[in-house]
J.: 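The structure under discussion is supplied below as structure tokens; questions concerning it will follow.
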Amino acid sequence: MAIGRRQLLTSIALTALATPVLARGTATRAAAAASTTAATDSGPLVMHVVAHEDDDILFMNPDLSNAIANRTPSVTVFVTAGNATGDPCASTCWDTAGEPLRTWNRQMGAVNAYSRMAGVGDDDPATDEIGHWTVEAWTVAGKQVERYVLNDRPVHLVFLNLHDAGLAAVLAGGTDTTVVPKGSPLSGPSTYTAADVVEVLRQIMVTYRPTVLRAQDELPDSRYWPDHPDHVAAAKFAGQAASQYGDTLIQVNHRDYNIGDSPVNLDPGTADAKGAYVSEYVSHDHTGNFQAAWFSRMYYRWSRGTSWAGLNQDGRPQVFVVRAGALHTYWRRANGSWGGATRLADPGGRLAPGIAVGTNADGRLEVFARRLTDHHIVSVPQTTPNGLWRDSWADLGNPSAGLGNADQVGVPVVAASQDGRLELFVKNGGGGLSTIRQTIPGGAWTTTWDDLHGTDLQDPVAAIRNGAGRIEVFAATRNEILNWSQTAPDDDAYGGPAPVPDARPASPPRAALDQDGRIELAYREVGTGAMLVSYQTRPGGPWSQPPANLGGDAGVGEPATTTLGGRVVLFERNRGGGVSTTAQTAPNSAYGPWQDLGGTVLDHPAAIVDGDGLLHLFAIGTDGLVHYRTGTTPTTFGPWQDLPL
């Protein structure tokens, strides 16, 4: 089952926004034909903003190809012409005379890749697929751009054609005059300032009304391979346009070059398919710098995580979603219906999507987030149990303030000590683990962060209180999983980090409690995407060796975990972009077969069991809506339903 497919309205015309069509190659259809694929204002539409013509296929796949295969309407905006590479490059790739042909070739690489992803191209990368497309010049915010429309498919490509390797200078206050590609329908070049780039992107959003924005990495992890300045600038332009566009847009940022420094997280079949799409592009750009490591990996810059649901004191679930940098919430009413979406207080800047939900000792929920504008950890609580929310956020600071790497702090996770005090954990700027805690249950927070050490931590970490009453924290590195544990219940001191035996993760871990109080730790296996589980042999005790291999339906990212009827239940975002689940066959036991629950989701699901023993599974669809299924047993689920927007 696909969640919320957008219906296409063929009577909507964009010709008022477009200049007349000029044929390029064998693409000769009229402008009216191109405009018939304009989408309505309901249902899914994914917008991708990237710097270069290969960035999307290299760094956003398989998310990109899954959406296109599912016929989710999409528009991809290429901000630069990519004129620094692309055939032919003679003695240099920087000669001005060769720019129009190189730009055209890079466009054709993108056209071939998208044709293959949409299933309308053949399997010969050398074949020119332009015949499947209609090309037009389109005037947006006073600038002419090129728009390619895939015939009979809801797929659009938009080329702004600013100069390759010059985008950072435009962001810094410079100007740039665009490249006019070979055979282009454009009447001439356009000149851009930074404000122009943002306004063109915003107007494209106004035209297409995207439900999801996929962009590149605004803040690359400085520990690893440096990123291209164009990638960072394109991501910042996209973020600024999204902030001005507002609405209910869900933004997902993808890591770029430095995915090559992370473990392989795509299964071989998915990696091979991604490589086939890249080969279509490469047939027109032999000079590109393509690392084989990029074909077998896809990572998000800010993981949404799987901790974005909580329980009110009376047992009703509540979920929290970051939209356009602001936090929105939905809650289940006593009669079983849902309230929301309600926007919570202004956090003082854009939030990263990865939030954590904790429960205070008096039953009040509290949400923790990372503010992107100043890199501080912030929180907002309910004013009363089951009630409204405070009208301002608390600023909990940054554990790496003043150290020169405060911008590299991760997203928070939270756990409760046995006495009810909340404790917060985060990857610090140096790649270790830092923590602060409430001084009394429900009270003020310590003013300084404690450094619990560790190195090479990947975001996000996980925390849980074990059956012996002690908080344990887990974090993946690129080679292992590290474990910290309170030295005694309610103690401020922690032991560790110590490795979880034989763990070689390709995702952050997630923890759940067996009925007998032992921790089950689930994570992806390097190179296969299979789900592995390490488990304690007694509460707070040593770990099983080796981890149990549960298999699964591949995919990327951490699982969601919960416990129903004493049985641990796991949910994963699978290789096709849907959700799969498995559960223990009995309390404290092994896991049963996997079940595909369908759906087309953006990233990571969340799961929670309410006060009546009903399991709730939540996921965000490509339509930007929160969708949910309920389960009366760990293996019996109702249909997907939507939460109100």
J.: Does the side chain of Gln107 reach to within under 4.5 Å of the side chain of Phe78, using non-hydrogen atoms?
T.: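 No, side chains not in contact.
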J.: Please name the pair of heavy atoms, one in Lys143 and one in Tyr192, separated by the smallest distance, quoted to 0.1 Å.
T.: CB-OH, 3.3 Å
J.: Output yes when Arg478 and Asp456 qualify as a salt bridge under the 4.0 Å nitrogen-oxygen rule, no when they do not.
T.: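 Looking at Asp456 together with Arg478, the answer is yes, because their closest N to O distance falls below 4.0 Å.
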J.: Centre-to-centre under 6.0 Å for His132 and Tyr114, is that the case here?
T.: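 For His132 and Tyr114, the ring centres are not under 6.0 Å apart.
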J.: Under 3.5 Å, side chain of Asn112 to main-chain N/O of Pro125, donor-acceptor pair present?
T.: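 Checked: pair present.
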J.: For Arg301, which of Asp256, Asn253, Asn258, Val252 qualifies under side chain to side chain contact (heavy atoms under 4.5 Å, CB included)?
T.: Asn253
J.: Mind checking the CG-OG1 spacing from Asn83 to Thr96? Nearest 0.5 Å is all I need.
T.: 9.0 Å
J.: Just checking, is any N or O donor in the side chain of Asp217 or His231 under 3.5 Å from an acceptor N or O on the other one?
T.: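 No, His231 and Asp217 have no side-chain donor paired with an acceptor closer than 3.5 Å.
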J.: Has Trp294 got a side-chain atom pairing as donor or acceptor with Tyr257's backbone, closer than 3.5 angstrom?
T.: yes
J.: For Ala369 and Pro412, which heavy atoms make the closest approach, and how far apart are they?
T.: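 Nearest heavy atoms, Ala369 then Pro412: N-CG, 3.7 Å.
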J.: Who are the side chain to side chain contact (heavy atoms under 4.5 Å, CB included) partners of Ala324, not counting sequence neighbours?
T.: none
J.: Please answer whether the main-chain N or O of Val473 pairs with a side-chain N or O of Asn483 as donor and acceptor at a distance below 3.5 Å.
T.: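 At least one qualifying donor-acceptor pair exists.
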J.: Is a side-chain donor-acceptor pair under 3.5 Å present for Thr178 with Asn161?
T.: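 Judged by distance alone, the side chains do not pair up.
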J.: Report yes or no: do Ser115 and Trp133 form a side-chain donor-acceptor pair below 3.5 Å?
T.: yes
J.: Please report the interatomic distance CD1(Ile259) to CG(Asp221), rounded to the nearest 0.5 Å.
T.: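 Interatomic distance, Ile259 CD1 to Asp221 CG, rounded to 0.5 Å: 13.5 Å.
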J.: Can you tell me if NZ on Lys236 sees more than 12 non-hydrogen neighbours from other groups inside 6.0 Å?
T.: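 Counting other residues, nucleotides and ligands, NZ of Lys236 stays at 12 neighbours or fewer.
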J.: Looking at Gln408 and Pro220, would you say the former's side chain and the latter's main chain have a donor-acceptor pair under 3.5 Å?
T.: yes
J.: Do Leu249 and Val212 have side chains that approach each other closer than 4.5 Å (heavy atoms only, starting at C-beta)?
T.: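 No, their side chains stay 4.5 Å or more apart.
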J.: For His52 and Asp56, which I'm curious about, is there any donor-acceptor pair between the side chains at under 3.5 Å?
T.: no
J.: Counting distance only, does the side-chain N/O of Asn398 pair as donor-acceptor with the main-chain N or O of Ser400 below 3.5 Å?
T.: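 Yes; at least one donor-acceptor contact below 3.5 Å.
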J.: So, are Arg304 and Asp603 salt-bridged, with charged N and O less than 4.0 Å apart?
T.: yes
J.: Under 3.5 Å, side chain of Asn265 to main-chain N/O of Val526, donor-acceptor pair present?
T.: no
J.: For the atom pair OG1 (Thr622) and CG (Asn70), what is the distance rounded to the nearest 0.5 Å?
T.: 7.5 Å
J.: Can you confirm whether the side chains of Asp267 and Thr270 place a donor and an acceptor under 3.5 Å from each other?
T.: yes
J.: Can you find a pair of side-chain heavy atoms, one from Leu219 and one from Val232, that are under 4.5 Å apart?
T.: no
J.: Taking all non-hydrogen atoms of both residues into account, name the closest pair between Gly527 and Pro268 and its distance.
T.: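 Shortest heavy-atom separation between Gly527 and Pro268 comes out as O-CD, 3.5 Å.
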J.: How about Tyr148 and Phe159: are their ring centres within less than 6.0 Å of each other?
T.: yes
J.: With the threshold set at 4.0 Å, does a side-chain nitrogen-carboxylate oxygen contact exist between Glu218 and Arg350?
T.: yes
J.: Strictly under 6.0 Å, is that where the ring centroids of His604 and Phe571 end up?
T.: no
J.: Taking the side chain from Thr581 and the backbone from Leu570, do they hold a donor-acceptor pair closer than 3.5 Å?
T.: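 Yes, Thr581 side chain to Leu570 backbone: donor-acceptor pair under 3.5 Å.
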J.: Below 4.0 angstrom, N of the basic side chain to O of the carboxylate: do Arg214 and Asp63 qualify?
T.: yes
J.: Answer yes or no: is there an ion pair linking Asp95 with Arg102, defined by an N-O contact shorter than 4.0 Å?
T.: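 Yes, this pair counts.
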J.: Any side-chain to backbone donor/acceptor pair from Ser534 onto Pro547? Under 3.5 Å, distance only.
T.: no
J.: Would you name the heavy atoms of Asp87 and Ser283 that are closest together and state the gap between them?
T.: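 Result for this residue pair: OD2-O, 4.2 Å.
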J.: Regarding Ser307 and Arg510, is there a side-chain donor-to-acceptor distance under 3.5 Å anywhere?
T.: yes
J.: Can a donor-acceptor pair be found between the side chains of Thr85 and Arg106 at a distance below 3.5 Å?
T.: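 The answer is yes; a qualifying pair exists.
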J.: Checking Val461 against Val426 for the side chain to side chain contact (heavy atoms under 4.5 Å, CB included) test, could you report, in this order, the C-alpha distance in whole Å, the side-chain angles of both residues, the deciding distance, and whether it holds?
T.: CA-CA 7 Å; Val461 303; Val426 68; over 6 Å; no
J.: Let's go through Phe237 and Leu201 carefully: what are the C-alpha distance in whole Å and the side-chain angles of both, what is the deciding distance for side chain to side chain contact (heavy atoms under 4.5 Å, CB included) to 0.1 Å, and is it a yes or a no?
T.: CA-CA 8 Å; Phe237 280 132; Leu201 293 177; 3.9 Å; yes
J.: Evaluate Thr211 against Asp623 for side-chain hydrogen bond (donor to acceptor under 3.5 Å, both in side chains), listing each step before the verdict.
T.: CA-CA 5 Å; Thr211 51; Asp623 55 7; over 6 Å; no
J.: Between Ile204 and Trp138, is there a side-chain heavy-atom distance shorter than 4.5 Å?
T.: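 Result yes, sub-4.5 Å side-chain heavy-atom pair found.
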J.: Identify the residue among Leu150, Val155, Asn61, Asn66 that makes a side chain to side chain contact (heavy atoms under 4.5 Å, CB included) with Met117.
T.: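 Of all the options given, the one that passes is Asn61.
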J.: Would you say the side chain of Leu58 lies within less than 4.5 Å of the side chain of Val278, judging by non-hydrogen atoms?
T.: yes
J.: Within the structure provided, determine whether Val556 and Leu266 are in side-chain contact (heavy-atom separation under 4.5 Å).
T.: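 In contact.
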J.: Could you walk me through whether Leu167 and Leu171 pass the side chain to side chain contact (heavy atoms under 4.5 Å, CB included) test, one step at a time?
T.: CA-CA 6 Å; Leu167 209 55; Leu171 181 66; over 6 Å; no
J.: Minimum heavy-atom separation for Glu146 to Pro181, with atom names?
T.: OE1-CG, 3.2 Å
J.: Looking at Arg524 and Glu558, is there a salt bridge between them, counting it only when a charged N and a carboxylate O are closer than 4.0 Å?
T.: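 Salt bridge absent between Glu558 and Arg524.
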J.: Hydrogens and angles aside, do Ser262 and Arg297 bring a side-chain donor and acceptor to less than 3.5 Å of each other?
T.: no
J.: Can you check whether Tyr281 reaches Glu53 side chain to side chain, under 4.5 Å on heavy atoms?
T.: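 In short, these two side chains touch, coming nearer than 4.5 Å.
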J.: Between Glu99 and His163, is the side chain to side chain contact (heavy atoms under 4.5 Å, CB included) condition met? List the steps.
T.: CA-CA 9 Å; Glu99 285 180 347; His163 277 83; 3.4 Å; yes
J.: Are the charged groups of Arg223 and Asp261 less than 4.0 angstrom apart, N to O?
T.: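 Salt bridge: no.
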J.: For Thr477 and Glu480, what are the C-alpha separation, side-chain angles and deciding distance, and is it a side-chain hydrogen bond (donor to acceptor under 3.5 Å, both in side chains)?
T.: CA-CA 5 Å; Thr477 73; Glu480 60 185 350; 4.6 Å; no
J.: Do Trp302 side-chain atoms and Arg370 backbone N/O form a donor-acceptor pair below 3.5 Å?
T.: no
J.: Quick one: are the ring centres of His254 and Tyr299 less than 6.0 Å apart?
T.: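 Not under 6.0 Å, so no.
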J.: If you compare all heavy atoms of Val170 against all heavy atoms of Ala194, which two are closest, and at what distance to 0.1 Å?
T.: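 Smallest heavy-atom distance, with atoms named: O-CB, 3.4 Å.
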J.: Treating Lys274 as the side-chain partner and Ile57 as the backbone partner, does any N or O pair qualify as donor plus acceptor under 3.5 Å?
T.: no
J.: Below 4.5 Å, heavy atoms only, C-beta onward: do Arg147 and Val135 meet side chain to side chain?
T.: no
